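Read the structure below first, then the notes.
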Amino acid sequence: MTNFAAGIFHGPESALAAAGTLKGAGYTTPELMSPVPIEGVEEVLGEKKSVIKTFTLMGGILGGTFGFLLAAGTAVLYLHPTGGRPIITIPPFLIITYEMTILFGILFTVLGFFISARLPVIRERVYLPESAVDKFVVTVACADDEHFKRAEAILRDAGAEQVREVTEEA
Amino acid sequence: MPNIDRRDFIKLVGAGSVGVGAGFMLRETIKHPTEQLIPHVIAPEDFSTGIATWYNTVCSMCAAGCGISVRTREGRAKKIEGNPSHPVSQGRLCALGQAGLQVLYNPDRLTGPLMQTGQRGSGSFAQVTWQEGLDKVADRLELLTAENQGNRIGLLSQGVRGHLAQLFELFADQLGSERLLHYDFDHPHTLYAANHRFFGEARLPYYDLKNTRYLLSFGADYLGNWISPVHHSLGFGHSRQGRSDVRGRFVQIEPRMSMSGAAADEWISAKPGTEGILALGLAHRIVSEGHYSGVDRDDWTTALSGYTTDQVAEQTGVGADTIRRIADTFVHTEPSLAIGGGSAANHSNGVDTLVAVNALNYLVANIGKPGGLVFNPEPAGPASQDRQASYRTMLELAEDAKQGNIEILILNGTNPVFSLPSAGFEEALAEIPLIVSLSSFMDETTALADIILPSHTYLESWGDDFPEPGVGFSIGSVSQPVVSPLYNTRATGDIVLQLAKQAGLSDAIPWSSMKDFIKDGWRLIYDRGGLDTQKESFESFWRSILKAGVWGEKTHRDPAFTLDKRVINSIAVPPPEFSGSSDAYPFILHPYVSTTLHDGHAANLPWMQELPDPMTSVVYGSWVEINPATAGQMNLKEGDLVDIESPHGQIRAPVYVYPAIMPGVIAMPIGQGHVTYGRYANRGVNPIEILSPRVDQRTGALASSATRVKIKATGRRIELVKTGGNSRELGREIVQTTGGKASQGHSAKLNSIPITVVPT
Amino acid sequence: MPEAKELQYADIHRDVVRSIVETGPKYYITLGTAIFVTLLCFFFPWFYQLYYGIGAAGLNHPQVWGTYLASFIFWIGLSHSGTLLSCVLHLTNSSWRKAMYRSAEAMTLFSLVVAFTFVMVHLGRPWFIHWSLPYPNQMEMWPNFRSPLLFDVMAITTYLTGSAIFIYMGSIPDFAAVRDRTIGWRNTMYTLLSLGWRGTDREWHRLHWAYTFLAVLIIPLAVSVHSIVSWDFALSIVPALHQTIFAPYFVVGAIYSGTAGIVTVMFILRKYMDFGQYITKVHFDNLGKLLLVLSLIWTYINMVELFTGWYSGASTEHEALQYKLFGYYAPLYWEMILFCAVAPLLCISKRFRTSFVPMLILSIAVNIGMYTERFLIVGTSLSRQYLPDAWGLYVPSLVELSIILGSFALFSTFFLIFVKIFPSVSMYEVKETMSTPKTEPEAPPEGNPA
Amino acid sequence: MSILDRIADGWRKYRKPGYYDEFDYHWGMTVDLDRCTGCEACVTACQSENNLPIVGEKAFAEGREVKWIRIERYWEGEFPDVKLRFIPMLCQHCDSAPCETVCPVSATYHNQDGLNTQVYNRCIGTRSCAVYCPYEVRYFNFYDHHWDSPLDQQLNPDVTVREKGVMEKCTFCIQRIRQAKDVAKDDGRRRVRDGEVQPACVQTCPTQALVFGDRKDPESQVSKLMNNPRTYRVLDELNTDSSVVYLKKVEDDHA
């Protein structure tokens, strides 16, 4: 069971500033919840490494291999001579390869997105519905009341209109 | 009624239609798609197809008498092919012959004896038993015979040969009737008469197309339906490309290009009815140029003096150069052959025309020679007494009937109501108290019969045939049933035998079945001895004939022939006469026997209805062919309905713009226009209806090409049903051609025509 | 933005949620009509055709392909502007894309679904369509990977998957936003659809990258899809179909008709979904420019096709060309030229581009023209091939016409259901384009916030 | 051999054309246009042998007839110098067949005999093969065809009846070829003799314009005819490498 301090802001700038301050104050990485993506998060909270592009690349390579094998490999297993063409007819098989590359690329991108964005959730997490409308929320985990108080102060200083204590089930 | 409100209804409709669709898809997906027959492209190793049984028999779809082999499986006829050992067909067969299966399996066949219950022509028939039907006929026959009134019995059959013809003779004879007639619309009366006049015998000679090098055909569609098209086609193919050194050349003279015209190297359109004049013009050229050196040369010179090239050119419309060229080629190319028939023979001067054609053969001395004209020996079977009724004879019959001189008319497979123009035949039939039809189908004439005793089709009955013309030596063939009868019908011969028995004629006609009758007939042939195939006993002889489907005796006629001087002196072709004035009726109607439907008896065969006409590709309907220039002047396009009016009637048909017909001539195929001939046949119009009753003076044969007509646009149009899209190649070189030189020395020796026909 | 009162985040939220949860009788009547017409005009004739055979259509020899395939290309084409345009604009950061791309992508998706149903309608035995998929079976049969039709199977499967994923990925934040404002079954549905999206910085970051990669992948995919559709024709040796230019021609044509389709849909959304504030003259202006450019490219390719055909001098090619311009179907050809090459020139005028009704009329005309184009490709080419004796004519039957009509109803049905499930304007991206909120929220949130 | 080995083996073997060299037979046909008279006996023979449907007047008018072999006719010139040329058109059994490559489900492919086969059971009815075929000899079943009883009794039990929605075309009477092979095997012969098997159209052709045989046998009639200087292939420019070879019609001027 973890307690969180959640500061609700009007605008992204103040929320971002608050998150920066919290991070500077030694809190474990604060989280921003917003109705729109906020520009400049990386500068404040640090560069995020995403594994998605690796997934996309792997998907593409895997799909290409699969596509070519699907066409060329099975052509050898099922001999259907057509149109005087060789059994392994490279150019048309490249089109299958191409399509499969893209299909697998897409599927692996999605997979990568789910894994790296930790979606879909399997347990309830801290969430303030206002953040989906027009509020910008900064949440930060607080070990005890002491921590919470300090965080609340920082958040209010940064211009939070409201600070709530939220609890997340373990 | 369940209470369904609107909402539920819509739901149900929606759910229902989606459900039905889904269910349908599911059913189609899971159903076994291989319920019928053999779907395998590569069948499993242990899979064996069924074993077919082949029976050799005789085709009776036209008068050629081709030998056929019928493939049967599990007691059903599956396919008809030519009998390879039969000299006429030699394993080949035309489209019509193959469609014979559909005579057997025609859904419109009569399935049992019928008796007319209402007015004649009302079409109301009741099923009766054979005994009832036969009794009724036999009683009347017996009565008339007993009263010596046998001549009040009429027997009108389609053209039959062999022992069935003999049985009819015997039957008529015993009844005391002289009114035994055969009637076929397309019987070549004028050809028989011309041969009789010229050669002194009323039998067709063998035309050796196979070995000829130059063929002049005056109107004879020898590849389409003239006499023996399959055999002519064999000869044509061989003449064209079967010999390594020569390629036969063919010239066709006719006002409307027929199939043979298309196959010919040269197609010449002479004015209708002047073909004979053209032939004499050629003869004049041959004689006057000194190419003929017979003893009777002077007689010829005198006889042909009125046919100088220029005169003939003017009368026929064929250029003088062409006449000279053809005459010279004809005489210089040995062997050459001239034949005549079709429309050339169906004019008021038909016999004279064909005599003139025979004269050409005489002048190039091809008689009895390979590539020429070969006389046939007397048939081994019953002598074919020519009972064929000309148009004039049929008119006499109709007149007799109107006078009340005919009590009973027995019809066998002939359909004069359909194929006899302006004869009042229907009215004549109305005067006959009892009409009996032995037809397998309800045709226009049978529909007027009082009693119908339906006969087997040829594939279910015994019979035999001695082809006319023969092939230069004696042949005969026996036809045997290839399947058990489908319906409650009986063979024609058996019906006649039964009638004879019941009419008390069994002393003279003691046979109990047609098979016995035929066997006894063939016993005579066997007993004559001197056969090529010697067998120990008649039974083994008989079995071997049944197995082979044909029997032959290679005895040839002496080719010697001397021509009577009087014939030469009488040679002349008068100009043709037409019905109707050329002012009121500007066009000459050229009715031709349809390649697919023949004279109409094949109109109930769906395969033939669906077979595109070879020249126009039209199916399922009638049309009238008009020269493109004429059509342009009259502003007619393909499919425009026009009224075709002759002095004798009017019909309506769509236009087909036909590139190869003379201006001033319009052509129509005969064969459509049935009304009671079943689901496939009842369509189109019958041009016979508007033909004038003009006849060839010498024979009384119908001059079917001697009617003038006028055409009137109706302003309506229909879409002609045909396969052809654009009939021009547009320079795409799909059918490629080459000059004659390129092919020389390269013709392929196919294993063709294994049976040598002509003495060498 | 030219609106009198500046829009706030909450306004968007409210408007979009309202468009989903508030459903008037007008909607039900429209949906009911659409479903009814779909059943009556699409499914009923189709089932008749399934029962009777393809003979229910006007097809014959040699015209074995007809309006079904033309409709297939048409719908595939219509699908092209949605996702493709959205991807291109996303990558180029065009802000005007944001209000309309969701509907455009939905168009892609449903056009593809309708196109697929046309494949089913087209087939002689659609109940065996699964045989075109490579799965091991007891019949020892396997699809033919050399076939352009199988390329199609692969490409369309991929495209359908890709488009569906793309539209779904873009909608996750909006599902989450709507989730919080709904109750009952909707809440359950959106909870499941949003996958627990919270809008954290990490999620936004990952979404951005995933979305960008998808966009990068989908652009070449979309190009390949319509190229492959064109190869169904161009890989044949039929005169007038065997054209190297077909692939780009089809791609351009597809984007062209798709853009026109978007204009039509934008107009309808604006008019009937009260999105007047989000879909503005700016959009029509930009789409109008795009239409103009595309129409010029299309006309250019068309002329190139004619010129090369004429220049070839070959009898078959020449004949096909003549036939196209002056033959039986020539009136349709000139109608197409009028609608697709001449009429769009009006877009030169800014006043025209920013007038809603004229743009609607133009967009419909362009799509009629483009449908004609597809019909002509199938119709004129097949009726005149190499052997003149086998030439024929083809006129669509009532069943075909009804199914075409029904397909629009089918599409409308899908779209009407879509607007009630998907936020048809992308809330978060529209919000991005606005200045950040400065004031207190003016209205209490609807529904039951958790 | 594991699947991977088979694939590796196939990769080495199958990247070049030439699969056809391994065929047992290479059936072919020659059509001598100088002999053909357009009589259409072949059309009926085919209809009879291969259970082609009777479509009826309506379907015929709609262009849905099924004729595996048909006669095309082309007029040349105007009256009076007018010619009509016939050409029998049937599946050319192309060795580079455009129809084969397009079928998505391999319902049509080249078999061991060099035949272009159509597997009805596999066909899903895309009709693309008919579009791709430049000879337009592929026929689609627009309906389930019906034979009025008892016409169904004439159906050939060796040939299937095709249902609606599938494509069909000339098979060179594959059932006859199969039977001839069986007979040859029963007789202990390795190969079918020349002339032992003939498709229905060839069998019946009254002028013997059609000749059928094995092109791999240099002594067969068909091989010899293919050396004739008159040979040409229809639409040869399309490079379909057809197995049906035509012999040019001879037309000389009236000298």
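Here is the naming used below: chain letters follow the sequence lines, and residue numbers restart at 1 for every chain. Quantities reported herein were computed from a predicted structural model and do not represent experimental measurements.
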Is the shortest distance from a Lys or Arg side-chain nitrogen in [X] or [Y] to a carboxylate oxygen in the other one below 4.0 Å?
X	Y	result
D:R85	D:E72	no
B:R325	B:E266	yes
B:D265	B:R247	yes
D:E136	D:K67	no
D:E76	B:R728	no
D:R230	D:D32	yes
D:D148	B:R679	yes

Looking only at heavy atoms and a cut-off of under 4.5 Å, which of [options] has the most pairs with chain D?
options	result
B:E719, B:M257, B:E74	B:M257
B:S617, B:A77, B:S269, B:G724	B:S617
B:C94, B:A660, B:A263	B:A660
B:N627, B:T723, B:L611, B:N726	B:L611
B:P612, B:G97, B:G91	B:P612
B:R76, B:E610, B:K79, B:K78	B:E610

Interface residue of largest heavy-atom contact number with chain B, from [options], under 4.5 Å:
options	answer
D:C36, D:C42, D:G77, D:A200	D:G77
D:M89, D:R176, D:Q175	D:R176
D:Y74, D:W147, D:F86, D:Y246	D:Y74
D:G38, D:S149, D:C205	D:C205
D:K224, D:R70, D:Q203	D:Q203
D:Q47, D:Q154, D:K249	D:Q154

Aromatic centroids of B:F250 and B:W267 separated by under 6.0 Å:
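They do not qualify: ring centres at least 6.0 Å apart.
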What part of [X] is in contact with chain D, defined as an atom under 4.5 angstrom from a non-hydrogen atom: side chain, backbone, both or neither?
X	answer
B:I661	backbone
B:R109	neither
B:D321	neither
B:V619	side chain
B:T616	backbone

The criterion is side-chain contact (heavy atoms from CB on, under 4.5 Å); which residues satisfy it with D:A41, sequence neighbours excluded?
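Expected list: B:Q98, D:C39, D:T204, D:P206.
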D:V166 portion near chain B, given a 4.5 angstrom heavy-atom threshold
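D:V166 has no heavy atom closer than 4.5 Å to chain B.
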With a 4.5 angstrom heavy-atom cut-off, could you sort out which part of D:L151 is near chain B: side chain, backbone, both or neither?
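Both parts, backbone and side chain.
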Consider side chain to side chain contact (heavy atoms under 4.5 Å, CB included). Of D:L33, D:V245, D:L247, which one does D:Y232 pass it with?
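Of all the options given, the one that passes is D:L33.
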Heavy-atom distance under 4.5 Å between the side chains of B:T737 and D:V250, does that happen here?
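Side-chain contact under 4.5 Å: no.
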Indicate every side-chain donor-acceptor pair of residues 53-65 of chain D with a distance under 3.5 Å to a residue at least two apart or in another chain.
residue : atom : partner : partner atom : Å
D:E57   : OE1  : B:R683  : NH1          : 2.2
D:K58   : NZ   : D:E62   : OE2          : 3.2
D:E62   : OE1  : D:R64   : NH1          : 2.9
D:E62   : OE1  : D:Y143  : OH           : 2.7
D:R64   : NE   : C:L59   : O            : 2.6
D:R64   : NH1  : C:G55   : O            : 3.0
D:R64   : NH1  : D:Y143  : OH           : 2.6
D:R64   : NH2  : C:G55   : O            : 3.1
D:R64   : NH2  : C:A57   : O            : 2.4
D:R64   : NH2  : C:L59   : O            : 2.7

